Structures are given as C-alpha cells and as structure tokens.
There are 2 protein chains.
Amino acid sequence: MNEQDFLAGYDPSAYPSTAITVDVVALTIREGALHLLLIRRGQPPYQGHWALPGGFVQPDEDLTTGARRELAEETGLGGDRLRRVHLEQLASYGAPDRDPRMRIVSVAHLAFAPDLPDPVADSDADEAGWLPVTALPSRQLAFDHARIVDDGLERARSKLEYTPLATRFLGPEFTIAELRGVYETVWGHPLHAGNFHRKVLSVPGFVESTGGNTERGGARGGPRARLYRAGDARLLHPALLRPAREETVR
Amino acid sequence: MNEQDFLAGYDPSAYPSTAITVDVVALTIREGALHLLLIRRGQPPYQGHWALPGGFVQPDEDLTTGARRELAEETGLGGDRLRRVHLEQLASYGAPDRDPRMRIVSVAHLAFAPDLPDPVADSDADEAGWLPVTALPSRQLAFDHARIVDDGLERARSKLEYTPLATRFLGPEFTIAELRGVYETVWGHPLHAGNFHRKVLSVPGFVESTGGNTERGGARGGPRARLYRAGDARLLHPALLRPAREETVR
DNA sequence: TCAATAGTGTCTTTGAGACACTATCAA
DNA sequence: TTGATAGTGTCTCAAAGACACTATTGA
C-alpha cells in the first residue's frame, strides 16, 4: 500500500478525539501595576467565574495564529496595535479532568502588551477587563487557569532577565526610568536607579537613543529624560539577572 | 440552565475535533556523543522514515504521563530505570498541515536519560535505535520532527546552563570529569578542566561528595577521581553559562 | 528654595577564564 | 619512566552592586 492509497482509506474518527483550545495570558502595565486580561464567563461551565481569553483553534489556523485571533477578538484590537503585542507559546495543559465537558487540551500563550484600551465583551461573555494580578480572585478562576497564570507570570519574570521583551510593555519611545518601572512591576521589587541605568545602556542592542528628550521632567520634578527605542538584540548579553532568590533554588 | 443540565445536554461532537499526540525527544550520551531515540516508521505516512517516538494520548492520562508511557514502550524500560529519566514538556506543534492524515497537535517532550540499552521495536515499527544527533538524516525525519529535535537540542543546551540536569545523563555516582563530558557533548565544545572543576564545586547543591573514589585512574593514567552524586539544588546559582555566542544574540 | 529625579563616577566584591603547577596513576 | 589526568593556586578582567555626587527640573 502506498501513501496515496493509505490516506484515501484513512478514517480520522477511528482515533481518540480531543478538542484543542488556545488560551492567552495577556499582561500589561497600568498605573504601575501588572494587569491581566480576563473574561467573566457568561455560560457554563464555571459560569460567572473569571477565565483567560481563549477558544477553539480553527481548522485552518496555526496555534499561535489562533491565540492572536482570540486576543484580537477579546480586546477589539487590530492592525498595528495588535502587531506590537509580543506573543509566544507558554505551555500546554491537558489533565484529563481539567474541563468537565470533554477532554480538552489547552495550548496556553503568553502576551506582553503596552497599555491597551479596555476590552469590549463579546457574545460569549458578559464582562471583560484588565485585572491587577496582585488582587486576583485566585480560587475563583475557571478551570486550571490559576495554574496557567502562575506559570505565565514566572515565565514573564524570567523572560525579562535574558530578553529585551520588557520594551514590549511600553510605547515605541520610552525613558530608562519607564523601562525600570516595567522591571520593578514584573519582578515586584525596587531596583537601584543608577545601576539599572548604566546596565541597560551597557548591554549591546537593548535600547538605542532616539536623540530626543521628554517634554517635561518627572511629576515631582527632575530633569527631562532622554528617549530610547528598542534595539535589535533578541537576547540580553550579559543578562539582567533578578536579585538572588535563595528560596526558589531548592 | 445550571451546570448540571448544561453538561447533560452537551454534545462534544458539535465542536471541531482534533487528535492529540505526545512525541518525545529522548537524549542520551553514548561513547561521548549525543544520541537521540528514533523509530523507523513501519507504516504510512512517512513509511520508512525516522520519527520521534510518540503516539496518541490515552483518554485517562495526563500529557506527561503519556509521554513517559510512550518512552517506556519504545525503550522497553520500566521501574527504577525509567523513573531516573528526566522528562519535561518541550512545546506543542500544531501547524494545520503537519500531518497529512488529519489535524494533529503534538505536545513534544524532552527527556534526558543515562546510557540505556538498545530499544526493542514494537508492532508499529520495524526498527528503533539511538542515533547520534550529529549524523541525523535531517531531511528524512518524518513530519516536522526535525524542527522539534532542533528545539529540543536548544532547550537541552540551555537547561544545562541553569539547572543541574546534566547529572541526569549519568548514573547515580559520577566524577567531575564525567560531568564535564556531558557539558562538552551537549554544548559541542571543550571546556577548561580546572575551571570547570572549581566552578561545579562552588555552586551550592549542584553535587555532593559520596566520599568514595573511582577504582582506577583514567584509561590513559591519572589519579583516581572522587565520586559525587546529584545535590538538592533545582537551579544553579550562579549559572554555568555557555561561552559567549555573539552570533545568536541578534 | 526645596525635593525629587536623570545621569555619572568610583569603589568593592564576586565570578569567569587563562595559566601554571603538583600529585597520582596506567602503560 | 613517561604521559595523561585530578585537583588546586593565582592572576586578570568583567560585571554587579553599594554609595556618592552633580545637574536639572516642577512645585
């Protein structure tokens, strides 16, 4: 039997079937706090609970394409704004009982977005919004989404160490202080301003100067800061390591 | 409608269906070279091509459980030997056309194993074996498995930097020189013996002394080496970074 | 005038890497 | 005896972090 004949006689339904969804852990920074895009479910299961935006993968689309589509649908965003959002695969979650309806494997994705407008609820949901991650209703997230969010946050913290993706939380032009704000928000503790400044400028390709300055100094005074845009590095070398965390090592 | 009623009337077949497989990039070190477990396919599609071990996820098993089961089936291994194999999720691959039969999303896993016996072919395959990764028939791997292998190798190289998983390629007791051999094999270039030795011993929890020594010196002479076992660290701090690779940064 | 901030200078400590050297063992 | 290897000592350089300081701005 050759491959042609084999495929002609192949019956997909003879194999165990499972549904595939994509879910998105979309992060942004608002007013100095890390926010997560969540949807309040309008239908069972977990009706009324908050859940990650996501849905079934369409027959003709790639996993990451599906995740970007879901993100576009939930945020009402498109075009250039959406294209500036960083999106990467996070991990897949497939415990047999994670969804009461049927066996569903979710391919979770992680997104970093600059401050975006409030989402518009679509037909399936009665509410959608950016919620601060520090005040998450952890026990009330649908399915295993609390676990997925935890994994996403840890991945985000780690990614800031060795990639320049912190810039994806900001607009096309930013100051070093704003970049430092991203690190402090995601990592959850303050950094030394002077050392951070020098470190960022010393990593090749992390940021490049636009030549411009901010129009005004800080809200409470201070000189006008120089403006930078993201450089062409894909990895930071040397990396910007988080302050030692002995506890997490063992 | 409450959740009970909803689930009772829920029809899984109304949703787009997809098959889920797990594939395993299983690595081991034989005679100083990195080897990969491959199966020569006995059936279409890609009949006669080499492919990663893997298969459909069973209805009641978790993704990682499925990967471990597939690994056990292909290697004929069980019990303690299998339990010593490190297994982690790598990534999921779901391009719509990656399998000519139907939409199949593969959740790839990565395994690090100490030198294992040659695998026994099962009913679906006419051949199975550990192949050196340097001499892979890249263009002849089935499906998108060449890409998955590349991703797995890069993940393996990276994991050796900041985790103690190099020890998973070795037996329960090993010398520093053997551990160095793992790094040299996976990273693909020689390391300075003296500096490596000191570095490994300086990282807390990486290895701990057994108190014993090897029975004999090296094959071409030299003193007997001290024996070590894996320590309790889950992360290396500070990390063992690969020598700088400027090319890969941009 | 005052307080906050941007940006730079400098010193200390840690760690990576180059190199040298000794002790030990197989052939 | 010879040559390879295990393990240690030492030096240099890069980088992280602590601290200090100046210049610039808003209030």
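All values below come from the heavy atoms of this structure, side chains included, with hydrogens, waters and symmetry mates left out. Keep in mind that this is a model prediction, so the values were computed, not measured. Letters go in sequence order (proteins before strands), and every chain restarts at 1.
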To the nearest Å, give me how far apart [atom1] ([X]) and [atom2] ([N]) are.
{"X": "B:His237", "N": "C:dG15", "atom1": "NE2", "atom2": "C1'", "answer": "11 Å"}
{"X": "B:Arg242", "N": "C:dA16", "atom1": "CZ", "atom2": "P", "answer": "16 Å"}
{"X": "B:Tyr162", "N": "C:dA16", "atom1": "OH", "atom2": "C1'", "answer": "21 Å"}
{"X": "A:Arg226", "N": "C:dT5", "atom1": "CZ", "atom2": "P", "answer": "18 Å"}
{"X": "A:Phe196", "N": "D:dA15", "atom1": "CZ", "atom2": "P", "answer": "17 Å"}
{"X": "B:Leu241", "N": "D:dA14", "atom1": "CG", "atom2": "P", "answer": "17 Å"}

Exercise. Under the side-chain contact (heavy atoms from CB on, under 4.5 Å) rule, what do A:Trp130 and A:Arg30 come out as? Steps first, then yes or no, please.
Key: CA-CA 9 Å; A:Trp130 295 97; A:Arg30 294 190 149 195; 3.6 Å; yes
Exercise. Can you tell me which residue pairs pass the side chain to side chain donor-acceptor pair (under 3.5 Å) test with a partner in residues 190-213 of chain B, sequence neighbours excluded?
Key: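 Passing the test, one end in residues 190-213 of chain B: B:Asn195-B:Arg198, B:Glu208-B:Arg229.
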Quiz item: Looking at residues at least two apart in the chain, or sitting in another chain, which of them share a side-chain hydrogen bond (donor to acceptor under 3.5 Å, both in side chains) with A:Arg157?
Solution: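 For A:Arg157, the residues satisfying side-chain hydrogen bond (donor to acceptor under 3.5 Å, both in side chains) (neighbours in sequence not counted) are A:Glu154.
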Exercise. Report the residues that fulfil side-chain hydrogen bond (donor to acceptor under 3.5 Å, both in side chains) with B:Tyr93, sequence neighbours left out, ordered by chain and then residue number.
Key: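 B:Tyr93 satisfies side-chain hydrogen bond (donor to acceptor under 3.5 Å, both in side chains) with B:Asp151 only.
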Quiz prompt | Partner set under side-chain contact (heavy atoms from CB on, under 4.5 Å) for B:Pro190, not counting sequence neighbours | solution =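 Scan of B:Pro190 (side-chain contact (heavy atoms from CB on, under 4.5 Å), adjacent residues dropped) gives B:Glu184.
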Exercise. Check side-chain contact (heavy atoms from CB on, under 4.5 Å) between A:Ala239 and all other residues, then give those that pass, not counting sequence neighbours.
Key: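 side-chain contact (heavy atoms from CB on, under 4.5 Å) check on A:Ala239 returns A:Tyr162, A:Leu241.
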Self-check item: Interatomic spacing from CD1 in A:Ile29 to OG1 in A:Thr185 - rounded to 0.5 Å
Solution: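 If I round to the nearest 0.5 Å, the distance is 4.5 Å.
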Practice problem: Not counting sequence neighbours, list each pair that qualifies as a ring-ring contact (aromatic ring centres under 6.0 Å, His included) and has a residue in residues 165-188 of chain A. | Solution: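 Residue pairs with at least one partner in residues 165-188 of chain A: A:Phe112-A:Phe169, A:Tyr183-A:Trp187, A:Tyr183-A:Phe196.
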Self-check item: With B:His145 via ring-ring contact (aromatic ring centres under 6.0 Å, His included) - residues at least two apart
Solution: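 In terms of ring-ring contact (aromatic ring centres under 6.0 Å, His included), with neighbours along the sequence ignored, B:His145 is linked to B:Phe143.
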Quiz item: Which letters describe nucleotides 18-27 of chain D, given B = protein heavy atom under 4.0 Å from base, S = only from sugar-phosphate, - = neither?
Solution: BB----BBSS
Exercise. May I ask you to evaluate whether A:Lys199 reaches the phosphate of D:dA15, defined as a side-chain N or O under 4.0 Å from OP1 or OP2?
Key: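 Checking A:Lys199 against D:dA15: no side-chain N or O falls below 4.0 Å of OP1 or OP2.
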Quiz item: Is there a side-chain polar atom (N or O) of A:His197 under 4.0 Å from OP1 or OP2 of C:dA6?
Solution: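 Looking at the OP1 and OP2 atoms of C:dA6, neither is under 4.0 Å from any side-chain N or O of A:His197.
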Quiz prompt | DNA chain C contacts made by residues 166-186 of chain A, counting heavy atoms under 4.0 Å | solution =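 Heavy-atom cutoff 4.0 Å gives A:Ala177, A:Arg180.
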Quiz prompt | Nucleotide nearest A:Pro238 (side chain, heavy atoms from C-beta), chosen from C:dT8, D:dA15, C:dG15 | solution =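 Looking only at heavy atoms from C-beta outward on A:Pro238, the closest nucleotide is D:dA15.
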